[in-house]
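Written out below as structure tokens is the structure these notes cover.
Everything numeric in this text was worked out from a predicted model, so none of it was measured.
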Amino acid sequence: MSENSNNNVFEPAIEKKVEITYDSLPNSTFEDVNLGAAKFSNVNLKQSSFDDVNMENVTFNNVSMDSGGFTDIYMVNSKFLGVNLSGSRFGCSIMNNVEFKNPDLKNSQFVQCDLSNVEINNCRIDGLKIDGIDIAKLLEQHKGVQQD
């Protein structure tokens, strides 16, 4: 054996293509693997763990991430379209310059959030309360004062 055969040095394969179809690889470990431009279809990754993974420009379509956990994730300029986040919790997250367009945020709670310079336009606000104040009623009162 050569001197380097016992080293755990990652040497990416060039032009190597592997196709795995109708196979079962439960409890497998993939470490220092380059899967750039790989395609995964009809794959079960239940209870999998991803650590120190580069998923730049990745697309997820028709994916179930029920009870998933996302910690220390960099998702700048990401798009969430047709996503169901019911029962999800966002904590210690940076969401600057984020646009929420046509989301259903019923029964959501915003606690200890920095909402500086936030704009709310053309939104249903029935029952919306800030620090216990009913905003719809407050706006009605404000409009009434402006008309007088």
Checklist line | Rounded distance (nearest 0.5 Å) linking atom CG of Asn96 with atom CG of Asn117 | finding: 10.5 Å
Check: Sub-3.5 Å donor-acceptor pair from the side chain of Ser93 to the main-chain atoms of Gly91, do we have one?
Finding: yes
Note to self: Is it the case that over 12 heavy atoms from other parts of the model lie below 6.0 angstrom from the CD1 atom of Ile94?
What the structure shows: no
Check: Can you hop from Phe100 to Phe110 via hydrophobic side chains spaced under 4.5 Å?
Finding: no
Next item on the list: Indicate yes or no: at least one non-hydrogen side-chain atom of Leu85 is less than 4.5 angstrom from one of Phe80.
Entry: no
Margin query: Please say yes or no: joined through hydrophobic side-chain contacts below 4.5 Å, possibly via intermediate residues, are Phe90 and Ile73 part of one cluster?
Written below: yes
Checklist line | Separation of Thr59 OG1 from Lys79 NZ (nearest 0.5 Å) | finding: 10.0 Å
Check: If you round to the nearest 0.5 Å, how far is CG of Asp126 from SG of Cys123?
Finding: 11.5 Å
Notebook entry, point to check: How long is the span from the CD atom in Gln109 to the CZ atom in Arg89, to the nearest 0.5 Å?
Noted result: 10.5 Å
Check: Hey, mind stepping through Leu45 and Phe50 against side chain to side chain contact (heavy atoms under 4.5 Å, CB included) and telling me if it holds?
Finding: CA-CA 10 Å; Leu45 294 172; Phe50 297 90; 3.9 Å; yes
Next item on the list: Find the distance between CG (Leu138) and NZ (Lys129) and round it off to the nearest 0.5 Å.
Entry: 13.0 Å
Notebook entry, point to check: side chain to side chain contact (heavy atoms under 4.5 Å, CB included) between Leu35 and Phe40: does it pass, once the steps are laid out?
Noted result: CA-CA 10 Å; Leu35 295 173; Phe40 299 89; 4.0 Å; yes
Note to self: With side chain to side chain donor-acceptor pair (under 3.5 Å) as the criterion, how do Asp114 and Ser116 come out once you've worked through the C-alpha distance, each side chain's angles and the decisive distance to 0.1 Å?
What the structure shows: CA-CA 6 Å; Asp114 182 351; Ser116 302; 2.5 Å; yes
Check: Hey, does Phe60 have a side-chain heavy atom less than 4.5 Å from the side chain of Met55?
Finding: yes
Note to self: If hydrophobic clusters are built from ILVMFWY residues whose side chains come within less than 4.5 Å, do Val76 and Met95 share one?
What the structure shows: no
Checklist line | Stepwise side chain to side chain contact (heavy atoms under 4.5 Å, CB included) check, Leu139 with Ile125 | finding: CA-CA 10 Å; Leu139 288 174; Ile125 58 168; 3.5 Å; yes
Next item on the list: Count the heavy atoms belonging to other residues, nucleotides or ligands that lie under 6.0 Å from CD1 of Ile120, then report whether that count exceeds 12.
Entry: no
Next item on the list: For Leu25 and Ile20, run side chain to side chain contact (heavy atoms under 4.5 Å, CB included): C-alpha distance rounded to whole Å, both residues' side-chain angles, the deciding distance at 0.1 Å, then the answer.
Entry: CA-CA 10 Å; Leu25 301 170; Ile20 301 173; 3.9 Å; yes
Margin query: Taking Lys106's backbone N and O only, do any of them form a donor-acceptor pair with Asp104's side chain (distance below 3.5 Å, no angle check)?
Written below: yes
Notebook entry, point to check: Just how far is it from atom CG of Leu105 to atom CZ of Arg124, taken to the nearest 0.5 Å?
Noted result: 12.5 Å
Notebook entry, point to check: Hey, is CG on Asn121 packed in by over 12 heavy atoms from elsewhere, all under 6.0 Å?
Noted result: yes
Notebook entry, point to check: Is there a path from Val58 to Val43 through hydrophobic residues (I, L, V, M, F, W, Y) whose side chains come within less than 4.5 Å of each other?
Noted result: yes
Check: Can you find a pair of side-chain heavy atoms, one from Met65 and one from Phe70, that are under 4.5 Å apart?
Finding: yes
Check: Is it the case that one hydrophobic cluster holds both Val98 and Met75, taking links as side-chain heavy atoms less than 4.5 Å apart, direct or via other members?
Finding: yes
Margin query: For Asp23, is the CG atom crowded, meaning more than 12 foreign heavy atoms sit under 6.0 Å from it?
Written below: yes
